[in-house]
Structure formats: structure tokens, C-alpha cells
Amino acid sequence: IINASTGVINLSASTLNTYDVTYSTSGACPDVSTIQITITLAPSADFTYAQSDYCSDETNPLPTFGAGASAGTFSANPAGLFFVSTSTGEINLAATTSGTYTITNDIPASGGCASATHSETVSVYPAATVSANNDASICSYENYMLQGTMGGSATSVTWTTSGDGTFDDNTSLTPIYTPGTGDITTGSVTLTITTDDPAGACGPATDDMILTKYNAPVLTATVNDVSD
């Protein structure tokens, strides 16, 4: 849309396209001049992530762009957050150090349009880890000392049993498990270790091991009656 008298173009009211703009004069020395102009949509860097808090073991998130928005170059501040690609904004959660980051999408000026920028805040938390260790076997009359380990954001653990045995301290990483009569009858029991639910986006971690019990051999003796 152009004002034929002044040549002022109403950019916001014009359709995006490439146009030939012609200016002509009349009178004793008429003249005509034509130039080509292109009207493009101003860039938008608006984006969001599906959530603001992520656990390091989740699927890497990709940004979602607003209407008319697109990816430019993504960056993060402070250092410690890594992208799969700075062109897409996909965050590499496993490689990122836990912390809170400001993520920015920058689109440079081009085609007569000014640059665009938009930022969002994302926090990444370390996942809790835990291991019940390997399966084991004992004799039915024995107790068993467990060898659990934990890491990441875990700060405590709890052991549970699928059977009827007991732990001397089910909140210890290395409790002693005493099989119950039902455990001995069944022949095996599953022992499960679970971490606390840490603060942030990560949930508790869990692992289990199978403790198999073998009956102790029974010795029998036969006494022969020896007579003269």
C-alpha cells in the first residue's frame, strides 16, 4: 500500500511480496523511474520449552516456536549447558552441569529488518542413581550383608523385601538381611533398594537383586547292629 502523492509505503498494511515501484513525472520533460522492493516479515525469536525444570536422564528437549518465529543461534548463560545443536536449541541434558541457565535465541538483522532476540530460563537437575549390586546365593541358615550404592542427587535409601525376612537397618546401604521362614520355603527373595525423592525434576531411583537360599545338606548315619 503506497501513497501515490508522497511515495510513502504502509509496510504493516502491505502484503509480503516483491514489488516494482514506479515514479513518473509529467510536464515539459516527463520521466519514469522504477525500483524493486521486497517486503518481508520481521523476524521473531519467541520460543518456549515444554517445562522449566528437567532431570539429566530425561529425553533431550527441543524448543517450540511461536507463530512466525524461528530458530537463529542459541546460547546459554552461565557456562555449563550444552546443546545438541545451537541451530535447533535442543538441550543435551546428560552433558549439562546441574544448574539454572538463561537460554537465548538470537536472529541477526537481515533484509532491512532489525535483529530479534528472546530468552527463557531452564533448570537442570542431576538424576538419582542406586544399585542393589549383584544377585547372590546363601545357605538357608545364613544371613546376608547387602552392598548397596547410591549417587547423583540421592541422599538416602530404603530397602524392602518381597518376602518375610527382616533387615537390621533398612535405611543403611549395607544392612544385614535375615531370611524368614517363607523366604526359605520359597527358595529366593527379591530385595529392592529405593532412593529418596530428590528436590527438583528428578524422581527416586530403584534397583533390586535376587537372594537365593539353598537348604543345608542333611547328614544321615545308619548304625548296623553287630552281634556275635
Side-chain angles (χ1 to χ4, degrees), residues 49-62 76 79-84 90-101 122-228:
Y49 287 97
Q51 55 200 59
S52 59
D53 294 338
Y54 288 95
C55 188
S56 61
D57 62 356
E58 290 187 62
T59 301
N60 291 336
L62 279 162
L81 184 142
F82 294 91
F83 295 98
V84 175
E90 181 180 358
I91 302 172
N92 187 334
L93 293 173
T96 294
T97 303
S98 60
T100 299
Y101 300 91
V122 167
S123 295
V124 180
Y125 294 85
T129 62
V130 73
S131 172
N133 221 308
N134 299 325
D135 296 343
S137 301
I138 59 173
C139 286
S140 58
Y141 60 83
E142 292 182 307
N143 298 332
Y144 183 74
M145 176 177 282
L146 293 152
Q147 299 293 329
T149 58
M150 69 175 178
S153 55
T155 58
S156 64
V157 298
T158 303
W159 287 92
T160 56
T161 174
S162 65
D164 60 349
T166 57
F167 302 93
D168 67 335
D169 180 2
N170 74 333
T171 62
S172 168
L173 285 169
T174 57
I176 295 174
Y177 183 73
T178 302
T181 55
D183 296 342
I184 296 171
T185 300
T186 302
S188 66
V189 63
T190 299
L191 305 177
T192 302
I193 185 173
T194 304
T195 71
D196 60 312
D197 188 355
C202 302
T206 186
D207 191 35
D208 55 51
M209 57 91 67
I210 297 174
L211 184 63
T212 301
K213 292 158 288 300
Y214 293 101
N215 292 323
V218 177
L219 299 178
T220 59
T222 300
V223 178
N224 294 324
D225 183 13
V226 179
S227 58
D228 294 334

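At least one side-chain heavy atom of L173 sits under 4.5 Å from a side-chain heavy atom of I193. Using a 4.5 Å cut-off on side-chain heavy atoms (C-beta onward), N170 and P175 make no contact.
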T161 vs L191, side-chain contact (heavy atoms from CB on, under 4.5 Å): CA-CA, chis, key distance, verdict: CA-CA 5 Å; T161 174; L191 305 177; 3.6 Å; yes
side-chain contact (heavy atoms from CB on, under 4.5 Å) evaluation trace for I91 with Y101: CA-CA 11 Å; I91 302 172; Y101 300 91; over 6 Å; no
Under 3.5 Å, side-chain donor or acceptor atoms of residues 131-139 against the rest of the protein: list the pairs with distances, not counting sequence neighbours.
residue : atom : partner : partner atom : Å
S131    : OG   : N133    : N            : 3.1
N133    : ND2  : Q147    : O            : 3.1
D135    : OD1  : I210    : N            : 2.8

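Going from atom CG of N143 over to atom CG of L146 covers 10.5 Å, rounded to the nearest 0.5 Å. Annotation: the span from T178 atom OG1 to F167 atom CZ amounts to 10.0 Å, rounded to 0.5 Å.
Side-chain N or O atoms of S98 include none that pairs as donor or acceptor with a backbone N or O of P126 at under 3.5 Å. At least one donor-acceptor pair closer than 3.5 Å links the side chain of D164 to the backbone N or O of D183. Side-chain atoms of D168 come within 3.5 Å of backbone N or O of I176 as a donor-acceptor pair.
Taking both residues in full, the closest heavy atoms of P179 and I184 are given as CB-CG1, 4.3 Å, listed atom of the first, atom of the second, then distance. When all heavy atoms are compared, the tightest approach of A201 to E58 is CB-OE2, 4.3 Å. In this structure, V189 and Y177 approach most closely via the heavy-atom pair CG2-OH, 3.9 Å. Annotation for D169 and T171: closest pair OD1-OG1, 2.7 Å, computed over non-hydrogen atoms. Among all heavy-atom pairs drawn from P198 and G203, the shortest one is CD-O, 3.7 Å.
In summary, the side chains of S153 and Y125 do not present any donor paired with an acceptor at a separation below 3.5 Å, with no hydrogens or angles considered.
The list of side-chain hydrogen bond (donor to acceptor under 3.5 Å, both in side chains) pairs with a residue in residues 187-199, not counting sequence neighbours, reads T155-D196, T194-T206.
Not counting sequence neighbours, the partners of T100 by the side chain to side chain donor-acceptor pair (under 3.5 Å) test are S123.
Between Y49 and Y54, the ring-plane angle classifies as perpendicular under the 30° and 60° cut-offs.
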